[in-house]
S.K.: 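If you scroll down you'll find the structure; I have some questions about it.
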There are 2 protein chains.
Amino acid sequence: MKKSRIDAAWTGKAECGRCGIRDLVLFADLAEPDFNLIHLPIEERELDVESVLYSAGQDGSALFTVRTGLVKLVQYLPEGTLRIVRLLGPGATAGLEALLGQPYEHSAVVLQRALVCRIPRQVVERLSTETPRLHGQLMQRWHGALKQADDWLTGLSTGKTSQRLARLLLHVMDQDGNAPLFSREDLGAMLGVTTVHASRTVAEFKRNGVLREPKSGRCICDRARLECIATAEC
Amino acid sequence: MKKSRIDAAWTGKAECGRCGIRDLVLFADLAEPDFNLIHLPIEERELDVESVLYSAGQDGSALFTVRTGLVKLVQYLPEGTLRIVRLLGPGATAGLEALLGQPYEHSAVVLQRALVCRIPRQVVERLSTETPRLHGQLMQRWHGALKQADDWLTGLSTGKTSQRLARLLLHVMDQDGNAPLFSREDLGAMLGVTTVHASRTVAEFKRNGVLREPKSGRCICDRARLECIATAEC
DNA sequence: CGACAGTTTGAGAAAGTTCAAACTAGGTGG
DNA sequence: CCACCTAGTTTGAACTTTCTCAAACTGTCG
């Protein structure tokens, strides 16, 4: 178990108009005049690993845009077990359910040091009634989240653990085969297996040369091997 | 393997204004004049078990509203294995991704004889630009789908098969403990286990008196027992 | 040098898979 | 009406995967 903590108040006003990744984010399609409709501060913050954006059950007062880093969405079962249901990278939006006046479904926790913008619910509501441009983006976000959820289910909860791990790595890997290697506990929560078994599977991958971990927390993978493990061809 | 078939053209024009379950469906919030914006026929059809509403990969020309019965969304993995990712009951909407001009993500197949309305994409697009009333409902639909997807993952892909089956039954059961009992193949695809093992688990439930199957395809369950199995208390 | 949290490893038990065979229950055609 | 298909289900037995619990190991921090 890791310690969790609620972060202090957010600081630093963001300037959406000149956001570096503007074409990636929720406000991608907004025009100049639209920004004048924003009357509440959008705050930007750099968050350490294990910081909590929001917790399941809190009522949703804001949406969040991930600008850099990685955020995990954690869902708890009544019995206490937990699963990581999604990973959010740069450009992704967390807490969409806030728009419906619902409490947050998950807890959102930083997995890799992240730069995150906090957008008050009212800002999006206001923009949403004033400009239709936002609707398309909102739909895209919902759709993207749903697609990831479905892929997560079929990809990371189906088949043997080695297949699941291979699919996860293929998913988070860049062109050079470089990927973050999460803690064994997080891996277990993503793949739906125990921490110990996640550890064993990583160890097996290392033994077979499918994966190397030069610095702790990152790894270099053999894409071809992973692809063939993922499909159970080998 | 079951036979699948594509259905012939849809017939019968629906009259949304006097839909029997109007407050449940996508058009719940529409006002009288809004209906005049509908210039393409919305077709209603009764579909047999195994009928296909649409197949994964087809480009999405329409959305579907389930009025009665039950529809499953099936997703295929590259290797050929499949998982049922969601169940849609009365009031639910299938094929929302059509609104984004995307091909369908899943195949939608009738699980229990169903009455379904087919709404051409253009109708929703038109309404969506003309009346803001639809937006709320669309958001609700996306949110509902996403929530079900997440619950499906944490509930039906986590823990032992007996827990998963118990959670599924609790989910589809009515007040009296009456629930549909799906084919063992479908059960396997929902719980992420083999057909054989789904069968064994059902058999075990019957032996322990947790569940009776008076007529094939439906069952009566002991809610209390299911709840305690679901949480691994027993 | 501990202390501590996370990881790895071992070994036995439990859960799930595989393959094959036996067993339904509903049609269909003679 | 019955014999015979067929598709789906159930069961058995050997095997593989995963879990559990416990112990050993690793690296970081005061």
Side-chain angles (χ1 to χ4, degrees), chain A residues 1-5 48-50 77 79-83 109 111 156-167 180-208 211-219 229-230 232 234, chain B residues 1-5 48-50 79-83 109 111 156-168 180-208 211-219 229-230 232 234:
Chain A
M1 282 296 112
K2 292 166 185 172
K3 63 178 181 303
S4 81
R5 73 187 153 87
D48 265 342
V49 170
E50 292 298 302
L77 279 161
E79 343 144 22
T81 52
L82 59 80
R83 292 264 339 232
V109 181
L111 204 55
L156 305 188
S157 290
T158 308
K160 309 199 190 309
T161 305
S162 54
Q163 297 180 268
R164 302 184 191 188
L165 178 57
R167 295 193 197 108
L181 224 196
F182 309 114
S183 82
R184 306 306 177 254
E185 194 175 352
D186 281 337
L187 276 178
M190 294 182 209
L191 306 180
V193 300
T194 54
T195 307
V196 204
H197 194 235
S199 170
R200 282 188 216 275
T201 311
V202 171
E204 189 196 319
F205 276 24
K206 284 182 187 168
R207 263 197 306 282
N208 300 344
L211 166 167
R212 282 172 299 134
E213 192 177 12
K215 53 182 110 293
S216 156
R218 296 208 62 84
C219 67
I229 292 173
C234 61
Chain B
M1 283 296 109
K2 291 165 183 171
K3 62 178 182 300
S4 81
R5 74 186 153 85
D48 265 342
V49 170
E50 292 297 302
E79 342 142 25
T81 51
L82 60 79
R83 292 256 349 226
V109 181
L111 204 55
L156 304 188
S157 290
T158 308
K160 312 201 188 306
T161 306
S162 55
Q163 295 179 268
R164 302 184 192 189
L165 177 57
R167 296 194 197 108
L168 175 61
L181 224 196
F182 309 115
S183 81
R184 305 307 175 256
E185 194 174 354
D186 281 338
L187 276 179
M190 293 182 208
L191 307 180
V193 300
T194 53
T195 307
V196 201
H197 194 236
S199 170
R200 283 187 215 276
T201 311
V202 171
E204 187 197 321
F205 276 24
K206 283 183 186 168
R207 264 197 306 281
N208 300 345
L211 164 167
R212 281 172 300 134
E213 192 177 11
K215 55 181 109 296
S216 156
R218 295 209 62 83
C219 68
I229 292 173
C234 61

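Values in this document were obtained by computation on a predicted structure and should not be read as measured data. Quick note: numbers below take in every heavy atom, side chains included, and nothing from hydrogens, waters or symmetry partners.
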S.K.: Taking all heavy atoms of B:Val193 and all of B:Ala198, pick out the closest pair and write down the distance.
M.R.: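 So the minimum-distance heavy-atom pair works out to CG2-N, 4.1 Å.
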S.K.: With a cut-off of less than 4.0 Å, is there a side-chain N or O of B:Lys206 near OP1 or OP2 of D:dT10?
M.R.: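 Yes, such a contact exists.
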S.K.: Just how far, in rounded Å, is C1' of D:dT10 from CZ of B:Phe205?
M.R.: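 Going from B:Phe205 (CZ) to D:dT10 (C1'), I get 17 Å.
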S.K.: Whether A:Arg184 and A:Glu213 form a salt bridge (side-chain N of Lys/Arg under 4.0 Å from carboxylate O of Asp/Glu) is what I want to check.
M.R.: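 A salt bridge links A:Glu213 with A:Arg184.
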S.K.: What nucleotide among D:dT18, D:dT20, C:dT7 has an atom nearest to a side-chain atom of A:Ser199?
M.R.: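 Nearest listed nucleotide: C:dT7.
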S.K.: Taking NZ from A:Lys160 and P from D:dT16, how many angstroms apart are they, rounded to a whole number?
M.R.: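 Going from A:Lys160 (NZ) to D:dT16 (P), I get 11 Å.
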S.K.: Please state how far atom NZ in B:Lys215 lies from atom C1' in C:dG26, giving the value in whole angstrom units.
M.R.: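 Whole-Å distance recorded here is 17 Å.
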S.K.: Going 5' to 3' through nucleotides 22-30 of chain D, assign each nucleotide B (protein heavy atom under 4.0 Å from a base atom), S (under 4.0 Å only from sugar-phosphate atoms) or - (no protein heavy atom that close).
M.R.: ---------
S.K.: I'd like to know whether CZ of B:Arg212 has more than 12 heavy-atom contacts from other residues, nucleotides or ligands below 6.0 angstrom.
M.R.: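 Counting neighbours around CZ of B:Arg212, 12 or fewer heavy atoms of other residues, nucleotides or ligands fall under 6.0 Å, so no.
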S.K.: Strictly by modelled atom types, are B:Arg83 and B:Ser157 linked by a side-chain donor-acceptor pair under 3.5 Å?
M.R.: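 Side-chain D/A pair, B:Arg83 to B:Ser157: present.
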S.K.: Using whole Å, report how far CG of B:Leu211 lies from P of D:dT9.
M.R.: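 Rounding to the nearest Å, CG of B:Leu211 and P of D:dT9 are 14 Å apart.
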S.K.: When you match B:Arg200 and B:Thr195 each to their closest nucleotide on DNA chain D, which lands nearer the 5' end?
M.R.: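 Nearer the 5' end of the strand: B:Thr195.
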S.K.: Find the distance B:Leu191:CG to C:dT17:P and express it as a whole number of Å.
M.R.: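 Atom-to-atom, B:Leu191 to C:dT17, this comes out as 10 Å.
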S.K.: Charged N to carboxylate O below 4.0 Å: is that the case for B:Glu79 and A:Arg167?
M.R.: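 Salt bridge flag = yes for A:Arg167 with B:Glu79.
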S.K.: With hydrogens left out and only the distance checked, is there a donor-acceptor pair under 3.5 Å joining B:Arg184's side chain and the base of D:dT11?
M.R.: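 No pair found.
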S.K.: What is the separation between atom NE2 on B:His197 and atom P on C:dC19, rounded to the nearest whole Å?
M.R.: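 That distance rounds to 16 Å.
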S.K.: Starting at CG of B:Leu181 and ending at C1' of D:dT9, how long is that distance when rounded to a whole Å?
M.R.: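 The distance from CG of B:Leu181 to C1' of D:dT9 comes to 12 Å, rounded to the nearest Å.
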S.K.: Look at all strands and tell whether B:Thr161 reaches a base, only sugar-phosphate, or nothing, counting heavy atoms closer than 4.0 Å.
M.R.: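 Sugar-phosphate only.
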S.K.: Once you round it to whole Å, what is the distance between P of C:dT9 and CD of A:Glu204?
M.R.: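 From A:Glu204 CD to C:dT9 P: 12 Å.
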S.K.: Testing the basics here: between A:Thr201 and A:Ser162, what is the closest heavy-atom pair and its distance to 0.1 Å?
M.R.: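 Residues A:Thr201 and A:Ser162, closest heavy atoms: CG2-CA, 3.8 Å.
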S.K.: Is the distance from OP1 or OP2 of D:dT18 to the nearest side-chain N or O of A:Thr194 less than 4.0 Å?
M.R.: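 Result: no.
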S.K.: What are the two closest non-hydrogen atoms of A:Val49 and A:Leu111, and how far apart are they?
M.R.: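 Taking every non-hydrogen atom into account, CG2-O, 3.7 Å.
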